Student: 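Just dropping this structure here.
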Amino acid sequence: MADEEQPQTAVVEEPLDLIRLSLDERIYVKMRNDRELRGRLHAYDQHLNMILGDVEETVTTVEIDEETYEEIYKTSKRNIPMLFVRGDGVILVAPPLRSGAF
């Protein structure tokens, strides 16, 4: 039985393996509606529902100046201690930068 056990390696064979390797590390999540999250990944599932801690949320809004019709981009940030992210709003998940990756 002991021969059948394989040591865990940092190999990415499936897309969710990249998320698994980022557990308990800070990640970047791009969401729908111009929202961005940066936080520590505590848990996730196959739907990309996630629990993030120490989150910084950045929301970008675009307003049109009524006189010049120029687009004005505004960003607002807030810090959230613990956040549940519903997976259907996730566009992109980026793991932390690791030295020697390239």
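Please read all numbers here as calculations on a predicted model, not as lab measurements.
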Student: Do Leu41 and Met82 belong to the same hydrophobic cluster, where Ile, Leu, Val, Met, Phe, Trp and Tyr are linked whenever their side-chain heavy atoms lie under 4.5 Å apart, directly or via other members?
Tutor: no

Student: List in chain and number order the residues that pass side-chain hydrogen bond (donor to acceptor under 3.5 Å, both in side chains) with Arg78, two or more places apart in sequence or in another chain; answer none if no residue qualifies.
Tutor: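 Result, side-chain hydrogen bond (donor to acceptor under 3.5 Å, both in side chains) vs Arg78: Glu57.
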
Student: Measure the CG-OH distance between Asn49 and Tyr44 for me, rounded to the nearest 0.5 Å.
Tutor: 12.5 Å

Student: Hey, does the side chain of Arg38 reach the backbone of Arg26 with a donor-acceptor pair shorter than 3.5 angstrom?
Tutor: no

Student: Could you pull out all donor-acceptor pairs under 3.5 Å where a side-chain atom in residues 85-96 meets a protein atom, sequence neighbours excluded?
Tutor:
from  : atom 1 : to    : atom 2 : distance (Å)
Arg86 : NE     : Asp88 : OD1    : 3.1
Arg86 : NE     : Asp88 : OD2    : 3.2

Student: What do you reckon, is CZ of Phe84 surrounded by more than 12 foreign heavy atoms closer than 6.0 Å?
Tutor: yes

Student: Looking at residues at least two apart in the chain, or sitting in another chain, which of them share a side chain to side chain contact (heavy atoms under 4.5 Å, CB included) with Glu71?
Tutor: Val62, Ile64, Tyr73

Student: Does Val29 share a hydrophobic cluster with Val55, counting links as ILVMFWY side-chain heavy atoms below 4.5 Å and allowing steps through other members?
Tutor: yes

Student: Indicate, with yes or no, if Ile27 and Leu83 share a hydrophobic cluster defined by side-chain heavy-atom contacts under 4.5 Å among Ile, Leu, Val, Met, Phe, Trp and Tyr.
Tutor: yes

Student: Leu16, Leu52: one ILVMFWY side-chain cluster at the under-4.5 Å cut-off?
Tutor: yes

Student: To the nearest 0.5 Å, how far apart are CG in Asp34 and CZ in Arg32?
Tutor: 12.5 Å

Student: Checking Asp45 side chain against His47 main chain: does a donor-acceptor pair fall under 3.5 Å?
Tutor: yes

Student: Just verifying a value: how many Å separate His42 NE2 and Ile51 CD1, rounded to the nearest 0.5 Å?
Tutor: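 Here the rounded value is 8.5 Å.
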
Student: Is it the case that one hydrophobic cluster holds both Met31 and Tyr28, taking links as side-chain heavy atoms less than 4.5 Å apart, direct or via other members?
Tutor: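 Met31 does not cluster with Tyr28.
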
Student: Look only at the side chain of Arg40 and the backbone of Asp24, and say whether a donor-acceptor pair between them is shorter than 3.5 Å.
Tutor: yes

